[in-house]
Amino acid sequence: MGDVAKDLTAGTVGGAAQLICGHPFDTIKVKLQSQPVPLPGQPPKFAGAMDAVRQTLRAEGPGGLYKGMGAPLATVAAFNAVLFTVRGQMEVLLRSQPGVPLTINQQIVCGAGAGLAVSFLACPTELIKCRLQAQSALAGPGSAAGSGTAAVAPKYAGPMDVARQVLKSEGGARGLFKGLVPTLGREVPGNAIMFGVYELLKQSLAGGQDTSQLGRGSLMLAGGLAGASFWGLVYPTDVVKSVLQVDDYKNPRFSGSINAFKTILATEGVKGLYKGFGPAMGRSVPANAACFLAYEITRSSLA
């Protein structure tokens with residue numbers, strides 16, 4: 001099996017492990033990011049991450065934590081296959097001679113290139129995911145179960161319904177790429193730092209020896225911390241992406257990425273750019289530990 005096929009297969013398995021492990025954290029992150037700004041003197045819809053979990057379980061059951069999983073699950077194979085394959089091919093281009101490991105700076109360049117490639121797949125996928133995850137947070141107070149008022153029917157029935165509505169009433173295919181600029185601003189530097197940190201930690205844990213001999217615990221540690229570095233670097237960009245993607249098309253609150261950034265900063269302060277940061281970091285460590293471990297084990301088994 002060629003290197004491209006190995007990366008395609010291993011990336012797919014790694015992505016599936018990442019999604020299953022991390023999606024509930026991601027749902028809470030998006031709910032916190034997209035909840036409306038409360039009126040003066042009124043409390044926010046969610047007091048924090050645990051309150052969002054409690055309200056979601058009460059109103060939607062355990063399945064509510066996996067809302068929007070259909071879209072990324074349907075494309076997780078393509079997303080991670082592209083990410084790891086582009087990274088692998090860039091490693092081939094940058095490697096001076098076969099068998100020579102890349103420097104940390106070269107791994108950063110490979111990660112940036114991979115991030116650029118996956119942005120065009122991530123943007124429409126995440127728009128669909130965010131719309132499904134956020135619709136209960138954006139709904140009026142009557143939408144919560146047990147509120148004593150009639151429940152508001154959800155706007156979207158599922159991933160395909162989101163795609164249909166966006167294509168029909170939000171400018172066609174262009175509507176699915178709403179938020180592309182902040183998606184690029186997240187994926188390019190985020191993957192650059194993630195793959196750079198991953199390789200740096202692997203080399204440190206190997207103590208100058210061959211990193212292919214590292215145990216599963218070391219791979220999980222390197223992968224988990226690498227994932228945390230991704231979110232630590234680009235989180236405000238992800239908040240801007242999420243609020244743009246769930247913004248109303250006919251009566252938009254934001255005119256673009258810069259306007260969204262300035263508006264959040266003006267109305268909510270710096271903390272507004274870090275809404276949902278706890279669940280994001282809570283997700284990143286186990287989800288990326290699972291992703292990188294599954295990738296490395298699968299690729300080794302195919303060697």
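Because the structure is predicted, anything quoted here is derived from the model rather than measured.
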Practice prompt. For the pair H23 and Y66, name the ring-plane relationship: parallel under 30°, tilted 30 to 60°, perpendicular over 60°.
Written response: parallel

Response to the item:
Rounding to 0.5 Å, atoms CG (L102) and OG (S96) come to a distance of 8.0 Å

Practice prompt. Check whether V285 and I28 end up in the same hydrophobic cluster, where Ile, Leu, Val, Met, Phe, Trp and Tyr are linked by side-chain heavy atoms less than 4.5 Å apart.
Written response: no

Item to complete: Mind checking side-chain hydrogen bond (donor to acceptor under 3.5 Å, both in side chains) for K202 and listing every partner two or more places apart, or none if nothing turns up?
Response: E296

Response to the item:
Separation between OG1 (T183) and CG (L116), nearest 0.5 Å, reads 12.0 Å

Worksheet entry | Derivation and outcome, side chain to side chain donor-acceptor pair (under 3.5 Å), residues Q106 and E91 | CA-CA 8 Å; Q106 288 174 320; E91 286 182 341; over 6 Å; no

Discussion item. I'd like to know whether CZ of R216 has more than 12 heavy-atom contacts from other residues, nucleotides or ligands below 6.0 angstrom.
Written reply: no

Item to complete: Classify the side-chain pair S212/D210 by whether it contains a donor and acceptor separated by less than 3.5 Å.
Response: yes

Fill in: Spacing of I193 atom CD1 and S229 atom OG [to the nearest 0.5 Å]
5.5 Å

Discussion item. For the CZ atom on R95, are there more than 12 heavy atoms of other groups (residues, nucleotides or ligands in this structure) within a distance under 6.0 Å?
Written reply: yes

Fill in: Approximate separation, where rounding is to 0.5 Å, of L8 CG and T298 OG1
12.5 Å

Worksheet entry | Rounded distance (nearest 0.5 Å) linking atom CD of Q133 with atom CG of L32 | 11.0 Å

Worksheet item: How long is the gap from CG on L65 to NZ on K31, to the nearest 0.5 Å?
Response: 8.5 Å

Practice prompt. Determine whether E187 and F230 make a side-chain contact, defined as any pair of heavy atoms from C-beta on separated by less than 4.5 Å.
Written response: yes

Discussion item. Less than 4.0 angstrom from a charged side-chain N to a carboxylate O is my criterion; do K155 and D161 meet it?
Written reply: no

Worksheet, complete the sentence: The complete set of side-chain hydrogen bond (donor to acceptor under 3.5 Å, both in side chains) pairs with one or both residues in residues 234-243, sequence neighbours excluded, reads K29-D238, Q33-Y235, Q33-D238, Q33-S242, E126-K241, R186-D238, K241-Q245

Discussion item. Regarding D7 and Y295, do their side chains bring together a donor and an acceptor under 3.5 Å, going by distance alone?
Written reply: yes

Practice prompt. State whether the number of non-hydrogen atoms from other residues, nucleotides or ligands found under 6.0 Å of L57 atom CG is greater than 12.
Written response: yes

Response to the item:
Exactly one of Q165, K67, R131 clears side-chain hydrogen bond (donor to acceptor under 3.5 Å, both in side chains) with Y156, and that residue is R131

Discussion item. With a 6.0 Å cut-off (strictly less than), is the heavy-atom count around CZ of F261, excluding the residue itself, greater than 12?
Written reply: no

Item to complete: Could you tell me which residues satisfy side-chain contact (heavy atoms from CB on, under 4.5 Å) with N251, sequence neighbours excluded, listed by chain and number?
Response: D248

